[in-house]
Every structure is written in structure tokens, then in C-alpha cells.
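Everything below concerns the one structure shown next.
The figures here come from the full heavy-atom set of this structure, side chains too, leaving out hydrogens, waters and symmetry mates. First the proteins, then the strands, lettered A, B, ... as listed; each starts at 1. Not measured: the values here are computed from a predicted model.
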Amino acid sequence: MKKFINYLNWSMLAGSTIIVCLFLIVILIELFSKGLPAITIDFIFKYPSEGMTKGGIFPAIIGTVLVTLLTTAFAVPFGIACAIYLGEYAGNSRTTRLIRAAIRNLSGIPSIIYGLFGLALFVQAMRLGTSLFSAGLTLGLLSLPYIITTTEESLKRVPTTTREAALAVGATQFEMIKDVVLPVALPDILTGIVLTLSRAAGETAPILFTGVTFYTSGLPGSVTQEFMALPYHLYILSTQHQSVEQVRPLAYGTAVVLISVVFILNLVAFYMRYKRRRYD
Amino acid sequence: MTNNKKLSTEGLNLYFSEKHILKDVAIGIPQNKITALIGPSGCGKTTLLRTFNRLHDLLDYVKITGKVMIDDTNIYDPKISAVEIRKRIGMVFQKPNPFPKNIYDNIAYGLKVNNTDPYRIPQLVEQSLRESFLWDEVKDELKKPAIQLSGGQQQRLCIARAVALRPEVILMDEPCSALDPFSSLKIEDLIRELRKSYTVVIVTHNMQQAQRLSDYTAFMYLGQLIEFGTTKEIFNNPQHDLTKNYVTGHFG
């Protein structure tokens with residue numbers, strides 16, 4: 001009887017895992033079987049033409065890359081600095097617990113709210129207009145709580161014995177953090193950052209009101225211009241186009257490109273961890 | 001005891017939040033001798049050891065009252081930084097904890113943060129590796145990650161790291177407990193060598209090790225210093241019943 005229950009438990013757990021994996025496989029097969037035929041050199045390197053029924057998605061790819069770079073520039077330095085302060089200096093008082101809880105809650109806010117906030121603050125109040133800059137700042141805000149949380153967790157995982165080793169040879173707290181704690185935590189921190197950025201790259205709602213546009217005739221020449229982006233382009237092709245049926249292959253192609261970008265970012269995170277592990 | 005007291009405490013009390021860990025400890029640790037701190041787990045010997053180089057500083061729930069002195073300097077004088085104290089009082093930990101750096105940098109790091117003249121660092125690294133009997137084993141692979149050394153080698157590296165700063169005192173928290181008997185004996189030989197130039201305080205659970213190694217022994221129990229004397233006295237002619245029971249293996 002006990003053996004049977006054990007087997008039942010095992011099969012329920014294994015079954016759940018298989019079902020989840022099946023969904024993933026079905027999604028990927030669906031996407032790639034319909035999207036891959038659309039992907040050609042021209043699709044990657046040409047502009048959309050004839051009302052987006054022909055041509056490629058080059059400006060959307062570049063737009064997504066640019067806005068993600070801006071997001072990185074805004075969110076990473078602030079996120080890491082914030083996490084170091086909270087994790088290493090701020091201690092554990094009622095106030096810091098409140099701040100931590102607030103940051104964790106921020107990561108639960110729907111992304112459309114970030115979009116509206118970005119519109120109100122960056123686009124209108126700060127008069128940055130709908131632009132790459134506003135969109136990058138908005139995505140940066142969205143990414144900050146994730147970066148702070150994952151970085152703080154990574155710092156916390158650095159063993160006390162390693163920290164004490166640094167203190168015992170006369171390092172100051174800052175030297176300890178800079179020379180010993182950060183290098184040890186870096187692979188974990190970078191992984192968190194790359195995963196966060198890959199999520200930001202796929203977001204539509206935060207850039208919807210703050211800078212993305214459905215068509216530009218050229219690449220954005222400066223951060224004050226509007227831009228095209230892969231997730232928004234996909235949204236347009238699948239819901240807003242006059243002949244949705246006709247552009248469906250292009251939509252699937254765009255989805256494949258978007259998912260590939262995210263997948264490559266994830267591979268980068270994986271590779272960084274692997275490389276650091278070997279050096280330790 | 002006629003020797004100079006290198007480290008001393010007077011009326012030392014230490015609390016973890018409300019918990020009274022060290023109770024009115026008064027001890028004078030003689031210079032250039034090896035002093036062993038023994039006692040059952042939880043008696044406060046490691047806590048006492050860590051009081052000497054202010055390793056409790058970063059924990060805000062630790063409260064310390066009383067005097068802790070190195071020579072005539074109050075270790076907890078607010079005008080003195082912990083960094084300054086830790087340069088004078090080195091420490092070796094229970095588990096080898098090399099930095100995630102290569103062998104050379106493991107030793108050079110302490111020198112760098114203490115503003116040693118960069119030209120002197122290579123020479124000091126070699127010297128401290130020689131003093132730790134590690135030089136011959138690692139001289140050809142100084143750029144190898146320290147983590148790839150064996151446990152015993154890592155612990156000797158940690159001792160070299162402490163020695164490199166030319167401290168006055170070296171604190172050791174059960175430095176052999178994570179090592180095999182052969183590596184332990186090597187470390188013990190090394191500690192005996194260190195006595196010539198340093199004052200050594202060692203926490204140990206190993207009665208034989210305390211007898212083999214130390215000149216003086218302090219027995220602690222439930223946060224109190226029960227008895228302190230030469231190792232011979234403590235092991236052969238203990239004055240206190242608790243000490244007698246402990247060193248003869250009746251409890252602990």
C-alpha cells in the first residue's frame with residue numbers, strides 16, 4: 001500500500017512536469033513551423049513595405065536592441081548600488097524591511113501601469129516626449145525591482161566565512177564588498193540582470209505610450225526619436241493590421257525572431273555562469 | 001605566570017541580544033606563547049576569540065561590556081578602527097577560507113589593503129609562504145586558484161595570509177578540525193614555529209592537541225572562565241572539579 005502511494009505521488013509530480021514541458025514544446029513547434037519559412041535574409045535586414053505586407057523587420061530589431069541597451073544603462077548601475085546598500089549597509093530594521101517589501105511589491109505591478117506612469121512622468125512632466133529615452137527609462141523602472149532583488153539575494157549567498165576572511169586581513173567593509181563579495185556574487189548577479197533584461201526586451205505595455213511607433217521610415221538617429229520594437233510590431237501584425245490573415249506568416253516570423261533574441265540572452269546568462277564556475 | 005600579558009580582558013561580558021554569552025571573563029594571555037582555549041561546545045571560547053579582533057562588530061545584536069586590551073591599548077576604544085586592530089591581530093578560521101583568487105593574490109590582498117609598498121609585496125608573499133612550509137609545494141603555480149589546493153594546503157595558505165601582515169597575535173579557531181590527521185600534524189608543527197615570533201591563541205576541541213601544542217590552557221564552561229594556568233597544571237593537577245572532569249573525558 002505504502003509502495004502504491006509512493007508511486008502515485010511520484011507519477012503525479014512527474015505527470016505535472018511532463019504536461020508543462022508538453023505545452024512548451026507545442027508552443028515552440030507551432031511558432032517555428034509557421035515562423036521559420038518567413039525568415040529570410042531580407043526579413044531580417046529590410047524595412048517593412050507595402051503596408052507591412054512585404055519586406056522585413058529590421059527597424060524593429062534595432063529598436064528593441066537600442067531600447068534594451070538604454071534600459072541596461074539606467075537600471076543596472078542603480079539596481080546594483082541599491083542592492084549593495086540594502087544588503088550590506090542598511091541592516092535589518094523596521095524601515096529597511098518596509099523598503100524591501102515595497103521593492104518586492106513593485107515587481108508585482110502590472111507593466112501597463114509602468115507604461116502610464118512613464119507617460120505621465122517622462123513623456124509629459126519631464127517633457128522627454130514619446131522617445132527611445134522615455135521608453136528606456138520606463139523599462140528601466142520596470143527592471144529595477146527585479147535587479148535589486150536578485151542582486152541582493154546573490155550578495156546574501158556569499159558565505160560569511162569568505163567575508164570574515166577579508167575583514168580579518170584588515171579590509172574595510174567597502175574593500176571587502178568590492179574585492180571579495182562582488183566577485184563571488186558576480187555570476188549570479190549577471191544572470192539575474194540578463195534574465196531581467198530579456199523580460200524587458202519582450203515587454204509591450206511599458207513602451208506603448210512612451211516611445212514605440214508602428215512604422216518609421218528610418219532608424220532612430222537620436223534618443224529623442226520614436227522607434228519600432230519587436231513585441232509591438234508583433235501586436236500590430238496580429239491584431240491591428242487591415243489584412244491580418246495576409247500578414248500572419250510575418251507575425252509568426254517576428255515572434256520567432258523575438259523569442260530567439262530572448263533565448264540568446266538566456267544563453268549568454270548561462271554561459272557566464274558556466275565560465276565563472278570553471279575559474280573558481 | 002611571570003610573562004608579559006599580550007592580550008587581556010577584565011570584567012568582559014558579551015550578550016547576543018538578551019542572551020548572556022560571556023560572563024565576567026578576566027584572562028591575561030602571555031606573549032610569545034601558545035594559549036589553548038578549551039571547553040565543551042557552546043561554552044563561549046570561539047566567541048571570546050572573536051572578541052579580540054572585533055569580528056563581532058558587524059552584528060548589531062552583539063553587546064560587549066568590560067575591558068579588552070592588547071598591550072596597553074583598549075581594543076574597543078572608539079578612536080581605534082577595527083581595521084587597525086585586525087592588522088595587529090590576525091586570524092585563522094575553522095574551515096579553510098581562501099579568497100576566490102589565485103594563490104599569490106590570496107596573500108598579496110591583505111598586504112594591498114594595508115598599503116604595503118607594492119615593490120615589497122612579491123618578496124613578502126614568498127617569505128610568508130616559506131614560513132608556512134607551503135612555498136616548495138606551490139612556487140611553480142602561484143597563479144593557480146587557491147580553491148584547487150588540498151584542504152591542508154588551503155589552511156596553511158590561510159596561515160600564510162595572516163602571517164604576511166606581521167601581526168603581533170594570531171588567533172586560531174579550531175584550525176585543524178576540518179583536516180585529516182596528517183595535515184593536522186603539519187599545521188601543528190607550523191604553529192609551534194609561529195610561537196617564536198607571535199602570540200598564538202588557539203581554540204580546540206582536541207585534548208591531545210591542546211596538550212601537545214600549548215604552553216597555557218584556559219578552560220571555559222557556560223560562558224565563564226573556570227580555570228587558567230600552564231597546560232601541565234590544567235591537565236595534570238586541575239584545581240577545579242569541572243576542569244578535572246572535562247580533561248579526563250568525563251563530560252563534554
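Separating the CD atom in Q173(A) from the CG atom in D57(B) is a distance of 10.5 Å, to the nearest 0.5 Å. The distance from the CG atom of L167(A) to the CZ atom of R54(B) is 11.5 Å, given to the nearest 0.5 Å. To the nearest 0.5 Å, atom CE of residue M91(B) and atom CD of residue E164(A) are 7.0 Å apart. Taken to the nearest 0.5 Å, the CZ atom of F93(B) stands 10.0 Å off from the OG1 atom of T162(A). Distance check, rounded to the nearest 0.5 Å: CE of M176(A) to OH of Y109(B) gives 9.0 Å. Rounding to the nearest 0.5 angstrom, the gap separating the OG1 atom in T161(A) from the CG atom in D173(B) is 11.5 Å.
Crowding of F174(A) atom CZ: a count of heavy atoms from other residues, nucleotides or ligands under 6.0 Å not exceeding 12. More than 12 heavy atoms of other residues, nucleotides or ligands sit less than 6.0 Å from atom NZ of K143(B). Annotation for Y76(B): atom OH counts as buried by contact number, over 12 foreign heavy atoms lying within 6.0 Å. Sparse packing is recorded around CZ of F78(A), with 12 or fewer heavy atoms of other residues, nucleotides or ligands lying under 6.0 Å away. Counting non-hydrogen atoms of neighbouring residues, nucleotides and ligands closer than 6.0 angstrom, the CZ atom of R120(B) reaches no more than 12 such neighbours. Within 6.0 Å of OH on Y89(A) lie more than 12 heavy atoms contributed by other residues, nucleotides or ligands. Taking a 6.0 Å sphere around NZ of K67(B), one finds it holds 12 or fewer heavy atoms contributed by other residues, nucleotides or ligands.
No part of L171(B) comes within reach of chain A, as not one of its non-hydrogen atoms sits under 4.5 angstrom from that chain. Using a 4.5 Å cut-off between heavy atoms, K101(B) contacts chain A through its side chain alone, with no backbone atom that close.
Of the possible polar contacts, one joining the N114(B) side chain to the V169(A) backbone as a donor-acceptor pair under 3.5 Å is found.
In terms of non-hydrogen atom pairs under 4.5 Å with chain A, the most contact-rich of V92(B), V83(B), N53(B) is V83(B). Among the candidates K87(B), E84(B), R86(B), the residue making the largest number of heavy-atom pairs closer than 4.5 Å to chain A is R86(B).
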